Amino acid sequence: MHVLLTAGPTYEPLDPVRFLGNRSTGKMGYALAEAFAAQGAEVTLVSGPSHLPDPASPRIRTVRVETAAEMFAATAAVADEADVWVFAAAVADYRPAHVAVDKIKKSGETLTLELVKNVDIAATLSQRKRAEQFAVGFALETTNELAHAQDKLRRKNFDLIVLNSLRDAGAGFGHDTNKVTVLDAAGQIVNFELQSKADVARGLVSLILARLAPSS
Ligand code: CTP
C-alpha cells in the first residue's frame with residue numbers, strides 16, 4: 001500500500017527575508033507517516049517547513065517543500081499511484097500577490113499587503129480521485145465544528161475527516177497531545193480521547209485500514 005501524506009505549514013514568501021506562515025509543527029503528519037510505515041505501508045511524506053527530522057523508516061520518503069504551490073506539485077506528482085491520501089498540512093490559503101526582489105523597507109505608518117488565493121491541494125486532487133482511492137482530510141474549526149467539518153468532507157470528496165479541537169487544553173498546534181473527532185460521509189463519528197499524537201496517529205491508521213479492508 002502506498003500512502004501520500006501532506007504535513008506541516010507552508011511558507012509564502014513576501015521578500016527575500018520574510019514570509020507568511022502558520023504555527024503548524026508537522027507533528028501530527030509525521031506521527032501518521034510513522035504509524036502507516038509501522039503497518040507496512042510505503043509512505044510519501046510531503047512536508048512544509050518543519051523542524052522535525054526526516055522520519056528514519058526506510059519506508060518513508062520525505063519530500064521537503066516550502067510553498068503551497070510546491071506542495072501541490074510534489075503531491076500531484078504521486079497522487080495517481082497512491083492508494084490513500086492524507087491531507088494533514090496546514091496549507092496557507094493565500095500568498096502575497098507580489099514577492100519583492102529586495103527587502104521591503106519600512107516607510108509609512110501602515111502597510112497593506114495584497115494576497116491571492118493558493119491552490120486548494122485536497123479539493124483539486126479530489127476531482128481526480130478514483131473509486132478505490134481513499135482520502136482523509138483535517139479540519140480545524142472554532143464554531144459549529146461538526147457542521148463545518150461535514151461540509152468540508154463533502155466539498156473536498158474526503159472519505160473521512162479528522163476534526164481538531166481547539167477548545168481543549170493540550171490539543172492542536174505545537175502540543176505533543178491531540179484530541180480529535182473523526183467523521184465519515186454517513187455522519188458516523190468516532191471520538192478519540194486526549195492522548196499523545198503518536199497514539200492518535202496509531203488509532204487513525206487502524207481506523208483507515210479497517211475502512212479500506214472491506215473493499216480489498
Ligand atoms: N487543504 C489543502 N490545500 C489548501 C487548504 C487546505 O490541501 N490550500 C486541506 C488541508 O490539508 C485539510 C483540509 O484541506 O485537510 C481542510 O483545510 P481548511 O483550510 O480547514 O479548509 P478550507 O476549505 O480552507 O476552509 P476554511 O474556510 O475553514 O479555511
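Start at 1 and go down the list; that is how both ligands and their atoms are numbered. Bear in mind that the values here come from a model prediction, so they are computed numbers and not experimental data.
Residues satisfying the side-chain hydrogen bond (donor to acceptor under 3.5 Å, both in side chains) test with D83, not counting sequence neighbours, are none.
When side chains are defined from C-beta on, K27 counts as touching L52, because their heavy atoms get closer than 4.5 Å.
Annotation for R130: atom CZ counts as buried by contact number, over 12 foreign heavy atoms lying within 6.0 Å. The 12-atom threshold is not exceeded at CZ of R61, counting heavy atoms of other residues, nucleotides or ligands nearer than 6.0 Å.
The aromatic rings of F87 and F158 are tilted relative to each other, their planes meeting at an angle between 30° and 60°.
Pocket lining of ligand 1, defined as residues with a non-hydrogen atom under 4.0 Å away: F87, A89, V91, D93, V119, D120, I121, A122, G137, F138, K152, R155, K156.
Contact record, K197 with H175: NZ-O, 2.9 Å, taken as the closest heavy-atom pair.
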